[in-house]
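I have placed the structure first, in the form of structure tokens, so that the comments after it can refer back to it.
For this chain, numbers begin at 1 and follow the sequence in order. Indexing begins at 1, ligand by ligand and atom by atom, following the structure's order.
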Amino acid sequence: MRKHVDFLIIGSGIAGLSYALKVAETGTVCIVTKAKAEESSTNYAQGGIAAVMYKPDSYEKHVHDTMIAGAGLCDENIVRITISESTKRIKELISWGTDFDKNKSGKYDLAKEGGHSEYRVLHSKDHTGAEIEKALLTQAIKHKNIEILENHFAVDIITQHHHGVEVNKRTNDITCYGAYVLNPNTNQIDTLLSKITLIASGGIGNMYSNTTNPEVATGDGIAMVYRAKGKTEHLEFVQFHPTALFNPKERPSFLITEALRGFGGILKTIKGVEFMQKYDARLSLAPRDIVARAIDSEMKISGDEHVCLDCRHLNKNDLILHFPTIYAKCLSIGIDITKEMIPVVPAAHYICGGIKIDEHGRSSIQNLYATGECACTGLHGANRLASNSLLESIVFSHRAALDSKSKVRSVEHHQAIPDWNSEGTVLNEEMILITQTTKELREIMSNYVGIVRSNLRLKRAMDRLEILYRETEDLYDKSILTVKICELRNMINVAYLIIKMATQRKESRGLHFSLDYPDLIK
Ligand code: FAD
Ligand code: SIN
């Protein structure tokens with residue numbers, strides 16, 4: 001099937017939906033999303049969204065905290081843009097129906113998380129992301145110009161390469177004409193031709209054994225841009241959340257929000273001994289890279305499989321009122337958080353780098369924008385400040401929408417694009433080849449490219465990855481495409497970029513900590 005739209009959007013989290021609602025004023029919009037529309041990291045965000053709302057907070061303080069977290073690699077211009085536009089974008093989310101909690105005096109109830117010097121995190125109990133996703137999706141579903149194609153998997157973006165023009169990294173007019181998309185109704189690859197395309201495909205967590213990310217987070221958009229010879233950046237900076245619920249049979253790992261530490265939860269060993277004083281004066285509320293490394297180190301010292309978060313001293317009613325989802329989840333596995341400590345471990349949570357974009361959300365490929373977690377704006381530098389990612393997504397989707405709307409009239413659909421050619425491929429009847437390789441990939445990334453790295457570990461990771469890469473490319477070329485083989489191929493591509501960029505970084509900085517460079521640049 002061939003389809004023509006003005007705007008094609010890959011992904012239906014906060015980045016894709018907020019962009020869609022804006023560009024739909026100007027033209028037809030098609031959102032392809034690989035699962036149910038709400039299935040996204042956005043939907044699972046707990047803590048909230050950082051923004052400057054009231055004094056004594058100020059844009060300057062939020063800028064300062066963001067730059068400190070970023071360990072010298074933030075782009076100050078981008079940080080200032082994001083933060084000075086935060087209040088307006090929050091008001092817009094509210095106007096679309098997002099309900100943030102208020103306190104008794106009617107003001108927004110702002111929380112504090114690691115690395116923030118002020119209370120500035122807007123939230124909706126401990127299910128902020130679901131509240132935002134619901135509001136945006138409700139608006140998108142009722143918009144007459146927006147079509148949402150669920151369970152449709154974008155395989156590759158289309159460029160001139162697909163009609164026989166050679167493209168390499170130095171080609172400066174690589175242009176995007178849409179995407180090839182796997183249609184679940186026909187099992188065929190559709191050709192979706194667009195004037196403007198936005199990649200909003202989220203994160204990469206599933207290439208690690210432990211992750212807070214939903215199953216859909218497999219780095220697809222980043223891999224597509226890499227294959228199309230677009231620019232990517234800062235992928236070595238993988239953020240591990242310090243406190244995912246330790247529940248070994250569960251994937252993804254359930255997040256225990258940092259806001260719970262902001263509320264007074266204290267990290268302790270299994271024996272009930274506090275340890276953060278050994279690592280940072282800010283104790284349990286130190287930035288999350290410091291906390292994650294501290295937990296990693298405590299687990300290595302003790303040999304324990306997890307540490308604990310102690311909330312037993314907190315007011316029981318307030319605890320349940322503010323964290324109903326966490327209370328219910330823990331209770332469902334037999335832990336009453338008002339009486340018992342919560343077992344927690346670090347888990348892959350967020351990728352700071354991604355598709356390189358400018359201040360208008362433009363990638364290095366013409367007519368292709370990227371926003372949200374798959375993009376690298378320069379906001380986070382070497383480490384992301386908690387709750388800055390939902391904010392970054394709405395700010396840059398807004399900016400990308402403004403730019404796209406001004407551009408769309410001057411772009412024509414490309415008619416000479418051929419349909420997908422699946423000649424010579426057969427159904428792969430050995431799913432074990434994919435599941436086993438995925439497992440191996442996760443082990444390589446977790447053991448060698450995790451919280452603590454070294455030159456030797458990275459070399460070993462690259463050597464092992466090379467084998468998985470060759471085997472998977474071979475299988476991909478021969479197989480009728482399925483979502484699972486495409487996801488595996490994408491994760492291998494992104495793993496390559498992470499390991500390559502980590503190897504090139506001859507220092508420890510922010511989230512990239514290497515035993516060979518013990519002096520961490522903060
Ligand atoms: P997502 O919301 O992940 O959406 C990506 C979309 O792309 C999905 O719809 C997916 O199905 C689709 N997709 C992916 N690949 C394809 C493909 N090939 N074809 C078609 N569709 C595709 N950040 C904060 O700021 N505050 C928080 O409190 C917070 N809490 C978090 C808690 C958890 C458990 C997690 C996992 C993350 C949290 N984050 C938080 C991070 C934040 O939620 C994400 O960075 C943000 O939601 C990303 O939004 P997005 O729109 O870029 O991607
Ligand atoms: C959390 O609620 O701890 C996650 C916040 C974030 O990832 O920004």
Mind checking whether [X] and [Y] have ring centres under 6.0 Å apart?
{"X": "F396", "Y": "Y19", "value": "no"}
{"X": "F100", "Y": "H123", "value": "no"}
{"X": "Y180", "Y": "H162", "value": "yes"}

Hey, which residues fall under 4.0 Å of ligand 1 on heavy atoms?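 Lining ligand 1: I10, G11, S12, G13, I14, A15, V32, T33, K34, E39, S40, S41, T42, Y44, A45, Q46, G47, G48, H152, F153, A154, A200, S201, G202, T212, N213, V216, D220, M224, L255, H349, Y350, G372, E373, R384, S387, N388, S389, L390.
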
F237 pairs by side-chain contact (heavy atoms from CB on, under 4.5 Å) with which of D289, I498, L73? L73

Would you check ligand 2 and list the protein residues that come within less than 4.0 Å of it by any heavy atom, ordered by chain and number? Q46, G47, H241, L255, T257, E258, R288, H349, R384, A386, S387

Report the residues that fulfil salt bridge (Lys or Arg N to Asp or Glu O under 4.0 Å) with K36, sequence neighbours left out, ordered by chain and then residue number. E150

Going by salt bridge (Lys or Arg N to Asp or Glu O under 4.0 Å), name the residues that satisfy it together with R2, two or more places apart in sequence or in a different chain. D419

Applying the side chain to side chain donor-acceptor pair (under 3.5 Å) test to E85, which of H398, R80, R399 qualifies?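 Answer after filtering H398, R80, R399: R399.
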
Minimum heavy-atom distance V32-A154, with the two atoms named: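 Taking V32 first and A154 second, the nearest heavy atoms are CG2-CB, 4.4 Å.
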
Mutual orientation of the aromatic rings belonging to Y350 and H380 [parallel < 30°, tilted 30-60°, perpendicular > 60°]: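 Y350 vs H380 ring planes: perpendicular.
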
